[in-house]
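Shown next, in structure tokens, is the structure this report addresses.
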There are 2 protein chains.
Amino acid sequence: MRSRSTMRDVAALAQVSLKTVSRVVNNEPGVSPALAGQVRTALEQLDYRHNLAASNLRRGQHTLSIGVLLQDVANSFSAAILRAVEDVSRIRGVVVFAASLDEEEERERQLVSNLISRQIDGLLLMPATSDHSYLSHEVRTGLSVVVVDRQVIGLRADCVRVDNRSGARVAVEHLLSHGHRRIAFLSDLPSIETAASRQAGYLDALRSGGVKVDPDYLAVGLRGADVATDAVRSMLGLEQPPTAVFSGRNELTMGAARALRQAGLARSVALVGFDDFTLADSLEPAVTVIQQDVDAEGRLAGQMLLERIAGREGPPREIVLPTTLVPRGSGEIPPP
Amino acid sequence: MRSRSTMRDVAALAQVSLKTVSRVVNNEPGVSPALAGQVRTALEQLDYRHNLAASNLRRGQHTLSIGVLLQDVANSFSAAILRAVEDVSRIRGVVVFAASLDEEEERERQLVSNLISRQIDGLLLMPATSDHSYLSHEVRTGLSVVVVDRQVIGLRADCVRVDNRSGARVAVEHLLSHGHRRIAFLSDLPSIETAASRQAGYLDALRSGGVKVDPDYLAVGLRGADVATDAVRSMLGLEQPPTAVFSGRNELTMGAARALRQAGLARSVALVGFDDFTLADSLEPAVTVIQQDVDAEGRLAGQMLLERIAGREGPPREIVLPTTLVPRGSGEIPPP
DNA sequence: TTGTCGGCAGACAACGTTGTCAGGCGCCTT
DNA sequence: AAGGCGCCTGACAACGTTGTCTGCCGACAA
């Protein structure tokens, strides 16, 4: 296994100085065409590959790399964000370190630290932590940070997210307006800001609708579709089962839909989910959801990050995108 | 904005030599506890962050980073691979550059070149190119490469994939055995090895089943669900419409299912898809698919890559995973 | 002819880190 | 007391690159 050739090797072959090779590689002016040709031949002969690590070390400028830390790159929501960020980054030649946090605070800290060591220019974060002040030193020393999907806490950083609370309220009001009073709520870990806000929206709507909150209808801390299925199944066994379900995240909605179908109640118990998901419109009945423009969210977040890296100054910006209720059938089922 | 402090700064504050700081940071032996404590205090005071770029430059060892180039990180198949690779990588502290190729050869070449410049240790590739010999120089100079999902061509590299041809044959034979003779085939770009192999399997099955191939039932070059929907819709308008559809990729299957549903034929035209997808079991009727163990594929590929990076020698290994036909209803519909 | 100027090329140091080696100090042995 | 050994510590060079500066050469003007 040969080792990669360096500018020094190229210089030796082309019989020029190392610096001249550097000039040719970087398309700097001040090299006569003849010499440049000589150098280029040598570069090709030796299959020269530029070493960006060394270059960046010397230049001390941007590395054209960012970190994108998401909840789970295999989840369609995170994946869509990643893809959107990748697309805006590619245009400027920026590459992306991607990683999943699985809501583990410690993993977030370790990954951030690791990526900082690798001199990333920016960080796009869907945080697992609920306090982001640990990043303030990094921001002070030049790291650009944009938080996506969740609120920033304890840090002056840009943020792109949706109004989860009002989105959830709209969903539950939709069910109330169809006559439901026994509305279940499925939620992820309450430590997740998004989940907590959606729960707050659920409570808001019940309260202003004059409906008492029944803890039997509240299932929180659900971490996946299967658990959501179980939760709904057991609620359906209650003496007074819920007549409608509001589910706080796409995976939970799929789990809830399965539970209803298996119980033969898909057409009699209403269902509204937060987050759209593939094939939501193809189920029977099609699933009513609170939709957010994930692609726009990712693109905006990516753009804001790149702008910050490019040097934009100014106070942190918070972009709160709207959500849309998409009625498809499941959410318009009346109570019995 | 202050600049990050270096070992030199720490050394100055702790009144020791730079090298002693290096020893403490790297947990090397040979520093008295007293001095080490002094240094650690200084490290904390200055919020020292290790510079891996400089470290790697000097050490000339592994950078503990790999590139993962997939078709589209937002596609559930690619995303699942990415996630599996991430999981095996994280264990060894390896970080992942992720990117989407969208079947564009030029993008693959550029990304590879960019990542090589960043000194990645390995490359996990779902190639857009059909000739991978351009990588042989990189392999010779120390890059480990594993190709996933598709065959390797012109390069001595490891590979993890499924037997697409036989999987497709099984799917079509399944339809034949239920009595179908007019079986449509939906496929992606024929330049994609996977798509071509599946088409070959389709043709194999028809031939050995004694069924003549009808070009009207062949729709190739379909790049997304919508196009697949259109293709199926127009086939259903034929004088002799197909009685069954075999779809060559998950997105196309979703598109086909939609077309059948919209035409009111979901229960009368059979459908089998290659690749499983979320909610395939929740549609009406549930969709019969050729399933592959994507998670295993990603994990294996990642492990092989990390082993190569760790120095495993020997000839390239090719792992061909089996596929499974999962009958769910849509594929068992008989012809009229 | 001399002085100057522009274009080109190379020597050198530096980015932040680590491997190598040499030196100093205290302690033990003879 | 002299020698030797082990433990710490630091000076130095090097990884591959690039910014700065100096110097050379030929051409042109005075």
Side-chain angles (χ1 to χ4, degrees), chain A residues 2-40 42-43 46-65 114 116-121 141-142, chain B residues 2-40 42-43 46-65 114 116-121 141-142:
Chain A
R2 296 205 331 270
S3 78
R4 217 159 277 169
S5 36
T6 71
M7 285 191 179
R8 176 205 291 277
D9 304 324
V10 177
L13 179 60
Q15 314 230 49
V16 298
S17 85
L18 196 163
K19 177 68 214 196
T20 299
V21 177
S22 168
R23 277 194 262 260
V24 172
V25 167
N26 291 289
N27 284 317
E28 281 175 39
V31 181
S32 69
L35 255 202
Q38 237 178 94
V39 171
R40 266 186 260 274
L43 284 169
L46 294 179
D47 274 309
Y48 173 78
R49 297 286 181 271
H50 195 54
N51 185 333
L52 265 180
S55 177
N56 287 328
L57 177 59
R58 174 61 234 241
R59 289 206 218 248
Q61 306 277 334
H62 293 153
T63 59
L64 295 183
S65 64
N114 189 332
I116 295 279
S117 290
R118 293 170 192 276
Q119 316 295 114
I120 52 169
D121 300 330
T141 54
Chain B
R2 297 207 329 272
S3 77
R4 216 160 276 168
S5 34
T6 71
M7 284 189 180
R8 175 206 291 276
D9 305 324
V10 176
L13 179 61
Q15 314 231 47
V16 297
S17 84
L18 197 163
K19 177 67 214 193
T20 299
V21 177
S22 168
R23 277 193 263 259
V24 172
V25 167
N26 291 288
N27 283 317
E28 281 175 41
V31 180
S32 70
L35 255 203
Q38 241 179 91
V39 171
R40 265 185 261 274
L43 284 170
L46 294 179
D47 273 309
Y48 172 77
R49 297 287 181 268
H50 196 53
N51 184 331
L52 265 180
S55 177
N56 287 327
L57 177 60
R58 172 63 233 239
R59 288 205 218 249
Q61 307 276 333
H62 292 153
T63 59
L64 295 183
S65 64
N114 188 331
I116 295 281
S117 290
R118 292 169 192 277
Q119 316 296 113
I120 52 170
D121 299 330
T141 53

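Note that these values count all heavy atoms, side chains included, but never hydrogens, waters or copies made by symmetry. Below, chains carry the letters A, B, ... as their sequence lines are ordered, and counting in each starts from 1.
Counting any heavy atom pair closer than 4.0 Å across all strands shown, A/Gly30 reaches sugar-phosphate atoms only and no base atom. Using a 4.0 Å heavy-atom criterion, one finds that A/Asn56 contacts no nucleic acid atom at all. Using a 4.0 Å heavy-atom distance criterion, A/Arg23 is classed as a base contact. Within 4.0 Å of B/Val25, counting heavy atoms only, lies no atom of the nucleic acid at all. Using a 4.0 Å heavy-atom criterion, one finds that A/Leu18 contacts the bases of the nucleic acid, with or without backbone contacts as well. If you check every strand for non-hydrogen atoms under 4.0 Å, B/Ser22 touches a base.
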Exercise. When you look at A/Ser117 and B/Arg49, which way does the side chain to side chain contact (heavy atoms under 4.5 Å, CB included) test go after all the steps?
Worked result: CA-CA 6 Å; A/Ser117 290; B/Arg49 297 287 181 268; 5.6 Å; no
Exercise. For A/Val39 and A/Leu43, what are the C-alpha separation, side-chain angles and deciding distance, and is it a side chain to side chain contact (heavy atoms under 4.5 Å, CB included)?
Worked result: CA-CA 6 Å; A/Val39 171; A/Leu43 284 169; 4.0 Å; yes
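Side-chain N or O atoms of B/Asp121 include one that pairs as donor or acceptor with a backbone N or O of B/Leu64 at under 3.5 Å. Checked by atom type and distance alone, the side chain of A/Asn51 pairs as donor or acceptor with a backbone atom of A/Ala53 at under 3.5 Å.
Residues A/Val16 and A/Val21 meet the side-chain proximity criterion, which asks for heavy atoms closer than 4.5 Å. Looking at B/His50 and B/Met7, their side chains come closer than 4.5 Å, going by heavy atoms from C-beta outward.
Of the residues near DNA chain C, B/Ala54 and B/Lys19, the one whose nearest nucleotide (by heavy atom distance) lies more toward the 5' end is B/Ala54. Place B/Leu35 and A/Asn26 on DNA chain D by their nearest nucleotides, and B/Leu35 ends up nearer the 5' end.
Interface limits on DNA chain D: the 5'-most and 3'-most nucleotides within less than 4.0 Å of chain B heavy atoms are D/dC8 to D/dG16.
Atom CZ of A/Arg8 and atom P of C/dA11 are 12 Å apart (whole Å). When rounded to the nearest whole Å, the span between CD of A/Glu28 and C1' of C/dG7 equals 15 Å. Look at CE on A/Met7: it is 16 Å from C1' on C/dA11, rounded to the nearest Å.
Side chains of B/Thr63 and B/Asn56: no donor on one and acceptor on the other come within 3.5 Å.
Regarding contacts with the backbone of C/dA9, a side-chain N or O of A/Ser32 is found under 4.0 angstrom from either OP1 or OP2.
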